[in-house]
Trainee: 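I'd like to ask you about the structure that follows.
Below, chain A is the first sequence line, B the second, and so on; all start at residue 1. Note that the structure is predicted; figures quoted are calculated from it, not measured.
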Amino acid sequence: MSKRIGIVDYGSGNIYSLQRGVRAVGYEATIITDPGSLTEYDCLILPGVGAFGDAMEKIRKRELERPLAEYVASGRPLLGICLGMQLLLSKSHELGIHQGLGFIDGEVREIPRTTGVMIPHIGWVVLIPRSDWKHTALENISPKDEFYFVHSFTCHPLDQKAVLATCLYGDYEFVSVIGQRNVFGCQFHPEMSSKPGLRLLRDFMNL
Amino acid sequence: MTQEDVTKQSDPASSGMSTRAARPVRRKIRLIGKIDVKGTNVIKGIHMEGLRVVGKPQEMCRRYANDGIDELIFIDLVASLYERSYFLDLINEVSQEIFVPLVVGGGVRSIDDFRTLLRAGADKVAINTQAIKTPGFLHDAALVFGSQCVVLSIAAKRQRDGRWEAWCEHARQPTGLDVIEWAKKAVDLGAGEILVTSIDMDGIMRGMDIELFRTLSESVSVPVIAASGVGTVNHIVECVRQTQVSAIALGSILHFNHETVQGIKSGLIEQGVGVRHE
């Protein structure tokens, strides 16, 4: 039986490109709105754009928080993308302080506003490896591969071992990929990052 | 310019680089293919008028994507109910096979229109006329879809007094709005990116409105996509060096095969402008 892939839809942003990206690498992803069905999946993707507090509120309102925690406790893989990655951490400083899902200890903070730096940061960037990529979704990513980012905030995990990759925006180095046990997050959008992005999606679903 | 040369000489990082052109540009520039669609065809005009058919959108965007384009913009120039379905089919088709950001616009009047385009496969939506009519639309859209999804599109026309006026309805209608002031307000309302076409430079491939893009990119904190006027690699280099724009939109230069995306990227790298390598 083929893997059951789910995209968690909590009403925050565009999930359709992601669904097409998953399809392009040979899988079919179901868009999940029913919290009760989360545990039926082998592999979950948590997308998200917009504001952190608003997204958490929607997740709670749809009663997805506990099922997500139960899913993670079961050891199956979860990938957070963009805001979805940030939601994996304990808290964010975006428009006040908000509690996140807390699967990985750490905080989300704004990119420092220095001269000549445009916010949001939009653009294609290479990944700087910060730990061993073997047996992760980054296994087939080369240091030359570029990924498409659009964000104003970045993740600051407490445990440096959770940092798989960082990136540079001007002189500012930020965490771009995190991973701890079965929980992963990438700040960029693999579904908009051409071939390297699709390769990462494929390898994540093959994990 | 003289002052900049002096600064350059005193900068140890640039010692040994004798020409201005060799000085690298630190930021990486996105190259975006801009495809204006009417019915089932790609069309292109001059000063946004006298539109003529230049090809099929599917074929053109495939060519640009295979050649390493960083992003694509599709604008529906008709946006009539009848022809809208072709356009949505097009976006749907393209989004199944091209995985770079797709900006889609033309005739976006409501949150429902916005959602329909995202469902069809758009990653960001460009709004022009409706944002001018009801600026609160930008705010509403940003609230629902996030600022990164909301691209304000402005058609700018140079005035006698040196300023620029925003035109809407596909550059047929003057609005009295000052482009710079409008852009600033739109960013406050929630626009996450600004696409500016220059009506004066559109379609003639004789260079970009540098002053417009410099003033604008220094006035707003969000990324600016500069469009209109690119006929050579040097036009891009000039704009990138003299302004803070984040991306350059390409129309005629690609549509009429004057250059390929690959060729433009190689030319830019030679001149020290960073771009994405595929």
Trainee: With only heavy atoms counted, which part of Ser194(A) is less than 4.5 Å from chain B, the side chain, the backbone, both or neither?
Mentor: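 Looking at Ser194(A), backbone and side chain both touch chain B.
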Trainee: Using heavy-atom distances under 4.5 Å, tell me whether Arg30(B) contacts chain A through its side chain, its backbone, both, or neither.
Mentor: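 Arg30(B) touches chain A through side-chain heavy atoms alone.
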Trainee: Would you say the side-chain atoms of Lys28(B) pair up with the backbone N or O of Gly123(A), donor to acceptor, closer than 3.5 Å?
Mentor: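 Judged by distance alone, no pair lies under 3.5 Å.
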Trainee: Quick check for you: among Glu193(B), Arg276(B), Arg115(B), which has the greatest number of heavy-atom pairs under 4.5 Å with chain A?
Mentor: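 Option with the greatest count: Arg276(B).
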Trainee: Answer yes or no: does atom CZ of Arg60(A) have more than 12 heavy-atom neighbours from other residues, nucleotides or ligands under 6.0 Å?
Mentor: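 Enclosed.
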Trainee: Using side-chain heavy atoms (C-beta onward) and a distance below 4.5 Å, is Ile15(A) in contact with Arg119(B)?
Mentor: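 Side-chain contact under 4.5 Å: no.
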Trainee: Between Ala247(B) and chain A, with a heavy-atom cut-off of 4.5 Å, which part of the residue counts as in contact: side chain, backbone, both or neither?
Mentor: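 Contact with chain A: none, neither part.
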Trainee: Tell me, please, which residues at least two apart from Cys149(B) pass side chain to side chain contact (heavy atoms under 4.5 Å, CB included).
Mentor: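 Side chain to side chain contact (heavy atoms under 4.5 Å, CB included) list for Cys149(B), sorted by chain: Phe114(B), Leu118(B), Phe145(B).
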Trainee: What distance do Gln244(B) atom CD and Met118(A) atom CE have between them, rounded to the nearest 0.5 Å?
Mentor: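 Taking CD in Gln244(B) and CE in Met118(A), the distance rounds to 5.5 Å.
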Trainee: Taking the side chain as everything from C-beta on, heavy atoms only, tell me whether Tyr148(A) gets closer than 4.5 Å to Pro101(B).
Mentor: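 When only atoms from C-beta onward are counted, Pro101(B) and Tyr148(A) do touch, with a gap below 4.5 Å.
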Trainee: Relative to chain B, which of Val150(A), Asp145(A), Leu198(A) shows the most heavy atom pairs under 4.5 Å?
Mentor: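 Greatest number of close heavy-atom pairs with chain B: Leu198(A).
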Trainee: Give me the atom names and distance for the closest heavy-atom approach of Leu143(B) to Asp54(A).
Mentor: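 The answer is O-OD2, 4.4 Å.
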Trainee: Say you draw a straight line from OG of Ser17(A) to NZ of Lys124(B); how long is it, rounded to the nearest 0.5 Å?
Mentor: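 Here the rounded value is 11.5 Å.
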Trainee: Say you draw a straight line from CZ of Phe99(B) to CD of Glu191(A); how long is it, rounded to the nearest 0.5 Å?
Mentor: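 The distance works out to 9.5 Å.
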Trainee: So for atom CD, which belongs to Glu63(A), do other residues, nucleotides or ligands contribute more than 12 heavy atoms lying within a distance under 6.0 Å?
Mentor: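 For Glu63(A), atom CD is not crowded (no more than 12 foreign heavy atoms under 6.0 Å).
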Trainee: Any idea which of Ser193(A), Pro190(A), Pro120(A) has the most non-hydrogen atom pairs under 4.5 angstrom with chain B?
Mentor: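 Answer, by heavy-atom pair count under 4.5 Å with chain B: Pro120(A).
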Trainee: Can you tell me which portion of Ala122(B) sits under 4.5 Å from chain A's heavy atoms? Options are side chain, backbone, both or neither.
Mentor: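 The backbone, not the side chain.
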Trainee: Ser246(B) versus chain A, heavy atoms under 4.5 Å apart: side chain, backbone, both or neither?
Mentor: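 For Ser246(B), the contact with chain A is made by the side chain alone.
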Trainee: Quick one: what part of Glu146(A) sits under 4.5 Å from any heavy atom of chain B, side chain, backbone, both or neither?
Mentor: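 Only the side chain of Glu146(A) comes within 4.5 Å of chain B.
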Trainee: State whether Arg20(A) and Glu97(B) are salt-bridged, where the test is any N-O pair (Lys NZ or Arg NE/NH1/NH2 against Asp/Glu carboxylate O) under 4.0 Å.
Mentor: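 Between Glu97(B) and Arg20(A) there is no salt bridge, as every charged N stays at least 4.0 Å from the carboxylate O atoms.
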Trainee: Which answer fits Glu71(B), side chain, backbone, both or neither, if we ask what part of it has an atom under 4.5 Å from a heavy atom of chain A?
Mentor: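 Contact with chain A: side chain only.
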Trainee: Considering only heavy atoms, give the residues of residues 213-228 of chain B separated from chain A by less than 4.5 Å, sorted numerically, with 'none' for an empty result.
Mentor: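 Result: Ser217(B), Val220(B), Ser221(B), Val222(B), Pro223(B).
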Trainee: Quick check: are there more than 12 heavy atoms from other residues, nucleotides or ligands sitting under 6.0 Å from NE2 of His139(B)?
Mentor: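 Incorrect, the count does not exceed 12.
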Trainee: For Trp124(A) and Asp70(B), what are the C-alpha separation, side-chain angles and deciding distance, and is it a side chain to side chain contact (heavy atoms under 4.5 Å, CB included)?
Mentor: CA-CA 8 Å; Trp124(A) 295 79; Asp70(B) 299 326; 3.7 Å; yes
Trainee: Does a sphere of radius 6.0 Å around OH in Tyr86(B) hold more than 12 heavy atoms from other residues, nucleotides or ligands, not counting ones at 6.0 Å or beyond?
Mentor: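 No, because the 6.0 Å sphere around OH of Tyr86(B) holds 12 heavy atoms or fewer from other groups.
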